[in-house]
Amino acid sequence: MKMWFFMLFIVIILPLIMFMSSFYFIAGGPKNVNNIFGYRTGWSMINKDTWTFAHEHCGKLWLKFGGGFILASVVIMLCLIKTDQRVFVAVGFVLFLAEFVTLFVTIHKTEKALADNFDLNGNRKK
């Protein structure tokens, strides 16, 4: 049973971080562009407008995907509570891998949204 709880923790930690961070990001994230904390990419750090846009966009994605993965992970793991350890560990690994890939998908979608809405100098496209 300890291993099941450990796997439950493993599969909900990443979406839980995404979900909890989403509220801060939707509110615009850190007030100033910085190299320490926030959604930090070349596009997002061009200026304050791109910084705020990237955080809001990424936050909305993380709210949706993080919340969905928390719910799905808990339901799936609860269905596997009485199964063999190898089964729930394998399923947990697949869930974690899917969550990890989704994290990169949200980055790709945010970068695309930045490119669609801003030019290379960080000015909004008309």
Side-chain angles (χ1 to χ4, degrees):
M1 193 66 160
K2 287 180 188 178
M3 187 62 168
W4 182 87
F5 279 110
F6 177 72
M7 285 309 299
L8 178 64
F9 172 78
I10 293 297
V11 298
I12 65 169
I13 190 67
L14 182 58
L16 188 61
I17 291 169
M18 290 169 63
F19 184 77
M20 297 303 288
S21 299
S22 71
F23 298 104
Y24 182 64
F25 277 25
I26 289 170
K31 297 300 174 213
N32 298 312
V33 178
N34 68 79
N35 288 320
I36 299 170
F37 176 73
Y39 183 90
R40 301 175 323 266
T41 65
W43 270 108
S44 70
M45 296 176 68
I46 293 173
N47 60 39
K48 179 76 169 122
D49 196 19
T50 58
W51 180 256
T52 302
F53 178 89
H55 281 87
E56 290 173 357
H57 189 272
C58 184
K60 290 174 186 173
L61 292 172
W62 282 7
L63 180 67
K64 180 173 37 173
F65 287 116
F69 267 117
I70 290 168
L71 181 63
S73 296
V74 169
V75 168
I76 290 168
M77 291 304 288
L78 283 173
C79 290
L80 300 174
I81 198 166
K82 298 287 185 186
T83 62
D84 184 67
Q85 180 175 326
R86 290 174 292 183
V87 173
F88 66 74
V89 168
V91 171
F93 177 75
V94 170
L95 278 170
F96 182 78
L97 189 61
E99 294 163 358
F100 192 72
V101 168
T102 301
L103 182 64
F104 285 98
V105 168
T106 63
I107 293 168
H108 173 74
K109 286 180 174 286
T110 302
E111 292 300 296
K112 178 152 179 17
L114 282 163
D116 290 345
N117 287 281
F118 295 91
D119 64 20
L120 294 175
N121 296 319
N123 301 313
R124 285 198 181 257
K125 293 181 178 177
K126 301 200 184 233

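Worth saying up front: this structure is predicted, and the values here are computed from it rather than measured.
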Cluster question for you: counting only ILVMFWY and a side-chain heavy-atom cut-off of under 4.5 Å, with indirect links fine, are [X] and [Y] together?
| X | Y | answer |
| --- | --- | --- |
| Trp51 | Leu114 | no |
| Ile107 | Val33 | no |
| Leu80 | Leu71 | no |
| Phe104 | Leu61 | yes |
| Leu95 | Trp4 | yes |

Verdict with reasoning, Val74 to Phe69, per side chain to side chain contact (heavy atoms under 4.5 Å, CB included):
CA-CA 8 Å; Val74 169; Phe69 267 117; over 6 Å; no
Audit row: Ile26, Lys60, side chain to side chain contact (heavy atoms under 4.5 Å, CB included) steps and yes/no:
CA-CA 6 Å; Ile26 289 170; Lys60 290 174 186 173; 4.1 Å; yes
Donor-acceptor under 3.5 Å ([X] side chain, [Y] main chain):
| X | Y | result |
| --- | --- | --- |
| Thr106 | Cys58 | no |
| Trp43 | Lys112 | no |
| Asn121 | Asn123 | no |
| Lys109 | His57 | no |

Would you compute the distance between atom CD1 of Ile70 and atom CD of Glu99 and round it to the nearest 0.5 angstrom?
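Here the rounded value is 9.0 Å.
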Nearest-0.5 Å distance that lies between atom OG1 in Thr52 and atom CZ in Phe25:
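Between Thr52 OG1 and Phe25 CZ, I get 12.0 Å after rounding to 0.5 Å.
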Can I get a per-line list of side-chain donor-acceptor pairs under 3.5 Å for residues 7-16, giving both atom names and the distance, sequence neighbours left out?
none

Glu111 and Tyr39: side chain donor to acceptor below 3.5 Å:
yes
Test item: [X] and [Y] side chains (from C-beta on) under 4.5 Å apart, heavy atoms:
| X | Y | result |
| --- | --- | --- |
| Trp62 | Leu103 | yes |
| Pro30 | His55 | yes |
| Ile81 | Met1 | yes |

Under the side chain to side chain donor-acceptor pair (under 3.5 Å) test against Arg124, which residue among Asn117, Asp49, Asp119 passes?
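Running side chain to side chain donor-acceptor pair (under 3.5 Å) over Asn117, Asp49, Asp119 with Arg124 returns exactly one hit, Asp49.
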Greater than 12 external heavy atoms within 6.0 Å of Lys82's NZ:
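Incorrect, the count does not exceed 12.
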Give a yes or no on whether Leu97 atom CG has more than 12 heavy-atom contacts from other residues, nucleotides or ligands under 6.0 Å away.
yes
Taking every non-hydrogen atom, the tightest pair across Ser22 and Gly59
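Residues Ser22 and Gly59, closest heavy atoms: CB-O, 3.1 Å.
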Parallel, tilted or perpendicular: ring planes of Phe96 versus Phe100, cut at 30 and 60 degrees:
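Parallel.
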Could you label the plane-to-plane angle of the Phe23 and Phe19 rings as parallel, tilted or perpendicular, counting under 30° as parallel and over 60° as perpendicular?
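Because their plane-to-plane angle is over 60°, the rings of Phe23 and Phe19 count as perpendicular.
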